[in-house]
Amino acid sequence: MGRKLDPTTYVKRGPGRKSRKQKGAETELTKFITEGDSDSSYNPRAEFIAGKRAQVTKKPKVTAVKEEPNKGFTDENSEWLKPAKRKREADHIDDDDDDDSDSQWEQEEDEEGEGQKKKGKRQLIENDDDDDDDDDDLVDDYGASEDSGEGEKEGESDEELLPIEKAAKKQKKLQEVMDQETDDDDEEEEEEEDKDGEKSGDEDMDEEDTVQVNIDEMDTFKLPKAEDIAKEGVMLVDLQTIHQRIKDNVDVLSHFSTKREGGKDRAEYLSLLKKDLSTYYSYNNFLIDKLLEIFPVSELIDFLEANEIQRPVTIRTNTLKTRRRDLAQALINRGVNLDPLGKWSKVGLVIFDSSVPIGATPEYLAGHYMLQGASSFLPVMALSPQEGETILDMSSAPGGKATYIAQLMRNTGVVVANDASADRLKSVVGNIHRLGVTNSVVCNYDGRQFPKVMGGFDRVLLDAPCSGTGVISKDPAVKTSKDESDIQRSAHLQKELILAAIDSVNAESPSGGYLVYCTCSIMVEENEWVVDYALKKRNVKLVPTGLDFGKEGFTRFKERRFHPSLKLSRRFYPHSHNMDGFFVAKLKKFSNTVPTTTVDNGAVEETEPSGDVKVQSDSFDEEKPFKAGSKNKSKKQKPDGKPVVSQATANGKSAKSIAKKTQKNENPTVPKKAKMDNETEKVDKEINKSNIVKTDKETSKEGSRFQKKGDKQRKSHIQSKKRIGKNKFNKLKKLLKNEFGNEHL
Amino acid sequence: MLVDARLYLTSYVLDIVCLQMARDLQCSEYLQGLKKSLFSVHSIGENIKLLVDRPDGTYCFRLHNDRVYYISERILKLATNISRDKLVSVGTCFGKFTKTLKFRLHITALDFLAPYAKFKVWVKPGQEQSFLYGNHVLKSGLGRITENTNQYQGVVVYSMSDVPLGFGVAAKSTQECRRVDPMSIVVFHQADIGEFIRSEDTLT
């Protein structure tokens with residue numbers, strides 16, 4: 001079809017496909033024929049009907065004429081190019097209307113006043129009397145966009161009506177429009193609301209002006225007043241409303257300057273959001289706060305949603321016994337729906353669904369594969385163990401990573417799989433035997449003792465016990481049970497473990513000297529902070545993990561600043577990578593020596609300390625044993641409890657308490673050495689220093705500048721009072737000097 | 001001739017095991033059990049040598065906490081660093097000695113027994129699951145059986161796709177198997193790979 005070049009030549013078109021299906025299609029057909037060239041066959045009935053039609057067609061033509069000035073095309077084609085006419089009111093709507101309306105929707109998209117059109121079309125087909133117009137309109141609808149020549153027909157029929165008849169039509173039309181107004185309004189509102197839904201997402205201010213109906217409720221998200229919130233606390237609130245409120249709140253927060261309610265600041269929106277999130281997703285407040293610190297608000301919603309659903313089940317092929325291709329084939333034969341895990345893994349398979357239990361197939365029992373989360377592949381891939389090496393897995397239960405290591409080494413070398421829990425070791429043994437690993441040793445030590453038991457490993461993997469905030473989808477109890485103290489405890493343990501792990505690595509190993517530290521947590525306190533701590537305390541450096549996907553680790557977080565190489569570590573999230581939350585960092589040990597502390601310097605003077613100076617030194621010494629303690633880590637463990645404690649507590653908390661205890665127990669003026677080892681001896685000596693205290697203070701301050709004080713290290717209010725400020729101390733010193741000088745004189 | 005060879009090999013192994021005894025006990029008692037199960041019943045006696053002198057180093061058996069472990073000497077050296085009460089498992093556990101000093105072979109030894117097994121039994125797919133649950137093999141589930149299997153001979157049970165499923169003892173000789181009715185037992189179940197799930201706790 002194309003435009004006819006000569007508009008005067010008009011070829012009548014028959015009714016379209018749909019109209020042919022309609023009732024009375026034959027009658028319409030006859031109308032066409034009678035109007036145009038008369039057929040040879042004479043049909044009286046058809047003639048009668050045609051006559052009747054001719055009377056009625058006059059009415060809507062009026063409205064069409066009326067609308068034309070409003071809606072006609074403004075260019076030169078307006079004479080013959082008529083927009084689809086508004087139809088007169090329907091008595092009732094036939095089923096066919098739907099067909100019509102649907103088909104007409106497509107063609108009317110570019111025409112204005114869709115609502116009106118819709119209404120018009122709805123009233124299309126009813127009475128036989130209206131068929132004439134229907135035909136025209138039908139024709140118009142189907143032909144208007146395609147064949148503009150159709151419009152000419154209408155034009156012709158318009159001219160036939162006398163002005164008086166047009167007026168009559170108009171009158172009638174108006175009346176019927178009035179009746180139908182309520183219906184129209186409904187329609188229009190519906191449409192406008194639909195538009196609302198789309199447009200409130202964009203913030204097109206122009207369009208908002210045109211749709212004023214329900215704008216208020218959507219646009220300005222009002223914070224509920226205090227009474228409302230109180231009420232909500234008592235009543236059970238509908239989750240739907242909360243969910244909607246969350247969405248609106250996030251929307252406002254993302255475009256705060258434009259969408260905020262006047263007078264309300266960001267904190268109020270945030271506090272409401274926190275409350276709603278806790279209610280809707282069942283988290284405790286602490287965790288929501290922590291998550292808000294890590295994620296931006298929109299990403300937080302994704303994260304929370306992702307934690308509600310399970311990650312897909314993944315398995316790892318045991319290449320000691322089979323190949324991935326063969327395994328996949330065997331499982332498919334059993335009725336399992338699976339796929340390779342991704343480009344980054346050659347042994348992983350993801351299971352979509354299965355008609356047999358995946359953990360009990362004969363292939364599983366024969367040790368051809370192991371059920372393992374996708375994120376657990378990553379640390380072993382980062383570790384990349386070579387054949388013939390000695391590897392330690394410090395926290396190996398249930399044995400997935402240890403067996404993967406053995407598989408990569410092809411049963412050469414040695415894998416030492418350690419775990420602190422004897423119960424969980426049973427699963428390690430079971431898996432090792434099932435998968436056919438022969439080069440393993442399984443032992444039950446606390447990881448912190450490991451350098452004493454055995455050292456000199458080529459590589460060490462430490463999957464530290466953590467708070468589990470990355471695997472909430474596996475264990476929803478984490479949502480409510482985790483607390484500040486839990487995180488601190490985990491972080492403390494992890495720091496101890498990582499130092500022990502570093503000490504177990506042999507830096508001079510020909511092929512290795514690597515440590516991989518990983519956790520299944522997303523908290524910065526357990527991840528970047530621990531690695532940063534290790535960087536400060538030992539001769540290690542971060543190296544690229546070899547994993548090319550995943551988010552980089554944080555180099556700064558809130559008020560903390562980490563070493564810039566932390567961005568070589570990798571973070572994985574459930575909502576962005578579809579695997580459990582994970583953190584992986586690879587460290588290389590470049591020297592076997594343990595770095596000494598910077599504070600223990602200068603000669604020790606056994607002068608009588610003055611009261612003030614002594615007080616100062618007390619407070620300063622709290623930091624010193626902390627650093628001195630690290631020196632003793634490599635020393636032999638004494639049966640005495642205290643040194644062990646000082647070794648174990650890396651951030652010096654108990655070292656501090658030891659120092660304080662020794663100071664309190666013994667008379668500081670009498671430097672009687674305690675039964676303790678060198679560390680506390682040093683403390684006693686340092687108490688007696690007077691001149692060097694100042695320099696010590698400075699150096700200790702320098703050291704502390706780079707050391708982030710843990711919560712336990714921060715002095716309590718009472719302790720801090722013991723310190724004199726620098727200026728005051730200088731003044732005091734001068735005073736003393738003057739006095740001393742005077743005395744001499 | 002055959003008897004001589006077996007004795008030779010038995011004593012060979014006896015020497016090795018004696019040397020590695022971690023506990024001060026009557027060697028002979030332990031080894032009686034070992035001998036019986038490993039050599040008479042399962043008659044891999046001739047192939048023990050292959051297990052011990054392997055191309056990638058010498059392997060040995062070591063007794064620890066009433067269990068017999070099969071490890072290479074290199075790992076053995078490393079494992080000596082670990083104190084006895086903390087050591088859970090080394091290499092592969094072959095089996096354990098019961099309180100009455102009988103030696104019970106574990107399923108974990110299957111990987112090493114299977115290649116050297118002289119007498120094999122293949123089970124039909126339908127009966128596979130039943131065997132994996134710990135039931136004996138009935139005549140109706142018997143697919144194939146090696147010729148000349150004696151009665152009470154140690155056998156390794158395979159699935160039709162040649163996946164080793166476990167081991168047991170032949171209840172009837174091959175000749176008898178052919179004649180007997182479908183519901184009678186032909187292989188007594190001793191160990192199967194289903195035990196990895198069923199009795200994970202007892203593996204340690």
Side-chain angles (χ1 to χ4, degrees), chain A residues 320-322 326 330 333 356-357 359-368 387-388 390 392 396-399 410-420 422-446 449-450 452-457, chain B residues 51 54 56-57 59 64 67 69-94 106-112 114 123 125 128-129 131-133 158-166 192-204:
Chain A
L320 292 172
K321 293 199 173 181
T322 183
D326 301 336
N333 290 340
V356 292
T361 60
E363 282 77 29
Y364 175 81
L365 296 172
H368 288 191
E387 294 194 16
T390 336
L392 167 67
S396 53
R410 316 270 336 138
N411 262 338
T412 59
V414 187
V415 177
V416 179
N418 175 60
D419 200 87
D423 281 334
R424 300 188 67 207
L425 273 177
K426 292 190 182 160
S427 54
V428 179
V429 173
N431 281 323
I432 281 179
H433 284 108
R434 186 172 60 81
L435 293 165
V437 172
T438 54
N439 62 345
S440 65
V441 179
V442 183
C443 52
N444 179 22
Y445 281 103
D446 181 346
Q449 300 165 25
F450 233 93
K452 271 143 222 57
V453 171
M454 208 153 87
F457 288 99
Chain B
L51 275 180
R54 274 168 56 161
D56 53 339
Y59 278 65
H64 172 67
R67 283 168 195 263
Y69 294 99
Y70 171 72
I71 35 171
S72 80
E73 278 184 359
R74 202 175 132 221
I75 302 178
L76 185 60
K77 275 200 201 117
L78 270 173
T80 51
N81 290 324
I82 300 173
S83 66
R84 242 176 253 155
D85 52 344
K86 301 284 192 184
L87 183 64
V88 173
S89 164
V90 209
T92 322
C93 170
F94 255 52
H106 274 183
I107 186 62
T108 48
L110 184 63
D111 285 340
F112 298 98
V123 172
E128 214 177 81
Q129 282 293 346
F131 180 70
L132 289 178
Y133 274 96
Y158 286 83
S159 76
M160 289 319 277
S161 45
D162 273 335
V163 173
L165 298 176
D192 68 271
I193 52 180
E195 278 174 21
F196 283 119
I197 297 180
R198 290 199 320 267
S199 39
E200 208 174 17
D201 296 341
T202 59
L203 287 173
T204 330

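Any value given below was found using the heavy atoms of this structure, including those in side chains, with hydrogens, waters and symmetry copies removed. Numbered from 1 within each chain, the chains take letters A, B, ... in sequence-line order.
- When each of B:Ala79, B:Ser83, B:Ser72 is checked for heavy-atom pairs under 4.5 Å with chain A, B:Ser83 comes out on top.
- Contact annotation for B:Glu128: only side-chain heavy atoms (C-beta onward) come within less than 4.5 Å of a heavy atom of chain A.
- Contacts with chain A were tallied for B:Ile75, B:Leu87, B:Val90; B:Ile75 has the most, counting heavy-atom pairs under 4.5 Å.
- Residue A:Val414 touches chain B through both its backbone and its side chain, counting heavy-atom pairs closer than 4.5 Å.
- Taking CG of B:Leu78 as the reference point, atom SG of A:Cys443 lies at 11.0 Å (rounded to 0.5 Å).
- Interface residue A:Ser427: backbone and side-chain heavy atoms are both found under 4.5 Å from chain B.
- Here the side chain of A:His433 pairs a donor or acceptor atom with the backbone of B:Cys93 at under 3.5 angstrom.
- In this structure, B:Asp85 CG and A:Asn444 CG are separated by 9.0 Å, a value rounded to the nearest 0.5 Å.
- Taking both residues in full, the closest heavy atoms of B:Val163 and A:Ala366 are given as CG1-CB, 3.8 Å, listed atom of the first, atom of the second, then distance.
- Only the backbone of A:Val437 comes within less than 4.5 Å of a heavy atom of chain B; no side-chain atom from C-beta onward does.
- To the nearest 0.5 Å, the span separating OG1 on B:Thr80 from CE on A:Met454 amounts to 8.5 Å.
- No other option in A:Ile432, A:Val442, A:Val453 has as many heavy-atom pairs under 4.5 Å with chain B as A:Val442.
- Under the salt bridge (Lys or Arg N to Asp or Glu O under 4.0 Å) criterion, A:Arg410 pairs with no residue, sequence neighbours left out.
- Only the side chain of B:Asp111 comes within less than 4.5 Å of a heavy atom in chain A; its backbone stays farther off.
- With sequence neighbours left out, A:Lys426 forms a salt bridge (Lys or Arg N to Asp or Glu O under 4.0 Å) with no residue at all.
- Counting heavy atoms from C-beta outward, B:Ile193 and A:Arg434 have side chains that stay 4.5 Å or more apart.
- Remark: B:Tyr59 OH to A:Thr438 OG1 distance equals 5.0 Å, nearest 0.5 Å.
- Of all non-hydrogen atoms in B:Arg74 and A:Gly388, the two that sit nearest each other are NH2-O, 3.4 Å.
- Taking all atoms of both residues into account, the shortest heavy-atom contact from A:Ala360 to B:Ile197 is CA-CD1, 4.2 Å.
- The closest side-chain heavy-atom distance from B:Ile82 to A:Val441 is below 4.5 Å.
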